[in-house]
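What you see below is based on every heavy atom in this structure, not just the backbone, and it leaves out hydrogens, waters and symmetry mates. Worth saying up front: this structure is predicted, and the values here are computed from it rather than measured.
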There are 2 protein chains.
Amino acid sequence: MIRTDDLWKTYVMGDEEIHALRGVSFEIARGEYVAIIGPSGSGKSTLMNMIGCLDTPSKGEYWLNGKLVSQMDDDELAWIRNKEIGFVFQTFNLLPRASALHNVELPLIYNGTPANKRIEMAKKALESVELGHRMSHKPNELSGGQRQRVAIARALVNNPSIILADEPTGNLDSKTSVEIMNLLEKLHERGNTIILVTHEPDIAAHAHRVLTILDGQISKDERIR
Amino acid sequence: MIRTDDLWKTYVMGDEEIHALRGVSFEIARGEYVAIIGPSGSGKSTLMNMIGCLDTPSKGEYWLNGKLVSQMDDDELAWIRNKEIGFVFQTFNLLPRASALHNVELPLIYNGTPANKRIEMAKKALESVELGHRMSHKPNELSGGQRQRVAIARALVNNPSIILADEPTGNLDSKTSVEIMNLLEKLHERGNTIILVTHEPDIAAHAHRVLTILDGQISKDERIR
Ligand SMILES: Nc1ncnc2c1ncn2[C@@H]1O[C@H](COP(=O)(O)OP(=O)(O)OP(=O)(O)O)[C@@H](O)[C@H]1O
Ligand SMILES: Nc1ncnc2c1ncn2[C@@H]1O[C@H](COP(=O)(O)OP(=O)(O)OP(=O)(O)O)[C@@H](O)[C@H]1O
Ligand SMILES: [Mg+2]
Ligand SMILES: [Mg+2]
């Protein structure tokens with residue numbers, strides 16, 4: 001379902017070139033649960049942005065569900081991003097002036113879900129991350145971990161088939177981390193494809209397969225369950 | 001050096017009152033190394049903002065170096081915040097349009113350090129967090145862990161006597177986390193007072209004393225070394 005072939009991403013800074021990805025090739029089948037680990041600056045978030053169709057490679061190809069992403073038209077890309085992929089960003093990317101509820105509603109607004117259904121689904125998603133009591137708070141009225149949970153709720157509200165989570169538990173205490181990992185576990189059992197970036201080996205251990213990235217390249221690809 | 005007496009912080013949301021801190025009292029002596037742990041939403045960042053003179057309590061008192069903070073004039077507060085306290089925020093709070101170098105220079109600009117000295121000190125601080133090769137990058141041209149390290153470098157550049165760090169290793173891989181904790185260890189040995197908020201017990205274990213916060217109150221205060 002996800003296949004990359006020799007992906008490169010190069011950032012040009014003045015007269016310096018930074019190769020954030022240097023020829024990344026792998027396949028992830030429908031329903032897999034993959035963790036990506038690697039040092040700070042190794043290219044994880046860059047790779048996630050490629051997979052999530054949020055950024056394009058400098059070189060190489062990316063097939064999603066058998067179609068070459070670089071040749072998809074805007075409507076198709078938008079549809080995939082909205083309907084198929086739920087993204088938890090490393091930096092949350094919440095609308096600062098909107099409530100938690102409204103932030104979680106956003107993907108449903110984009111795909112035209114009627115208002116009453118939207119609000120009900122958004123409330124449910126917030127309850128699943130234990131934020132039913134903080135729905136009207138704006139991001140700056142929430143703790144770090146609460147903001148992260150709003151981002152997780154937003155990623156899940158559309159029941160996407162592919163969940164991309166970049167450091168979903170980075171700001172969470174151990175109890176909440178366990179709850180989020182259990183939530184991802186349930187979603188995986190239901191058939192979702194899960195790709196998660198983490199620095200923490202205990203979090204990576206929940207996945208079934210671990211890709212290790214080092215200086216923009218996959219250095220290891222290991223089945224752990 | 002730091003003494004709080006019955007600190008309360010209440011946020012009013014419409015007709016709801018949220019008591020983020022509910023009577024927090026403790027003393028931290030000069031040169032101590034304290035970790036604050038507690039669940040998401042328990043009040044850690046709120047408490048750090050009080051200690052760092054960035055926010056005022058709704059009730060209760062805070063003495064810093066024997067002076068009642070609520071009765072300090074603006075100049076004195078600004079001096080303390082600039083010269084005495086280095087703050088690593090949970091959300092980094094970097095200037096988005098300025099380079100890493102410029103971000104780290106900021107505290108030195110505020111206290112009138114001459115340009116050549118500033119640049120030299122800022123470079124040194126960035127090298128101490130292994131970002132000598134990313135100095136001209138802006139925050140959105142840096143990885144999550146790199147941004148966190150810029151925030152750490154900025155907090156340390158002025159050699160403050162008190163270091164307040166809210167989740168300093170949240171976005172860092174294990175190797176970089178170890179490096180940052182070693183850096184904090186060195187600073188502690190040199191006589192600095194360190195107060196760090198963390199969710200991770202292994203990080204808290206580096207401290208000499210652990211305060212546990214639960215629902216806005218200190219539930220435990222334990223010397224561990
Ligand atoms: N500006 C605000 N307005 C309203 N409520 C707030 C505001 N800031 C924080 N809160 C609430 O106060 C409580 C404590 O927040 P705080 O940020 O101190 O928690 P924390 O312990 O740092 O959590 P985390 O581990 O998730 O970072 C939370 O329930 C939060 O929703
Ligand atoms: N927009 C950009 N312009 C220039 N360089 C960039 C840009 N974005 C990322 N980089 C660089 O590319 C490299 C990879 O960044 P990336 O964010 O993918 O790392 P990461 O593995 O997610 O790191 P972390 O674990 O710290 O989040 C880093 O060295 C970073 O400095
Ligand atoms: Mg990243
Ligand atoms: Mg916090």
Please look at [X] and chain B and tell me whether the side chain, the backbone, both or neither of the residue comes under 4.5 angstrom of a heavy atom of that chain.
X	result
A/Ser45	neither
A/Glu130	neither
A/Ile37	neither

Which one wins on heavy-atom pair count under 4.5 Å against chain B: [options]?
options	answer
A/Ala20, A/Gly38, A/Gly14, A/Pro39	A/Pro39
A/His137, A/Lys44, A/Arg149, A/Arg147	A/His137
A/Glu167, A/Glu141, A/Gln148	A/Glu141

When the 4.5 angstrom heavy-atom criterion is applied to B/Leu142 and chain A, the contacting part is neither
When the 4.5 angstrom heavy-atom criterion is applied to B/Thr91 and chain A, the contacting part is side chain
Is any NZ, NE, NH1 or NH2 atom of the basic residue among [X] and [Y] found under 4.0 Å from an Asp or Glu carboxylate oxygen of the other?
X	Y	result
B/Lys124	B/Glu120	no
B/Lys123	B/Glu127	no
A/Glu32	A/Arg209	yes
B/Lys9	B/Asp55	yes

CD1 (B/Ile51) and CD1 (B/Ile162) are apart, to the nearest 0.5 Å, by 9.0 Å
Ranking B/Ser40, B/Ser42, B/Ser143 by heavy-atom pairs under 4.5 Å to chain A gives rank one to B/Ser40
Looking only at B/Met13, B/Lys175, B/Glu16, B/Arg134, the option with the highest number of non-hydrogen pairs under 4.5 Å against chain A is B/Met13
Subject >> Donor + acceptor pair across side chains of B/Thr176, B/Asp173 (<3.5 Å) >> reply: yes
| said: Given 3.5 Å as the limit, does a donor-acceptor pair link the side chain of A/Ser58 with the main chain of A/Thr10, or not? | reply: yes
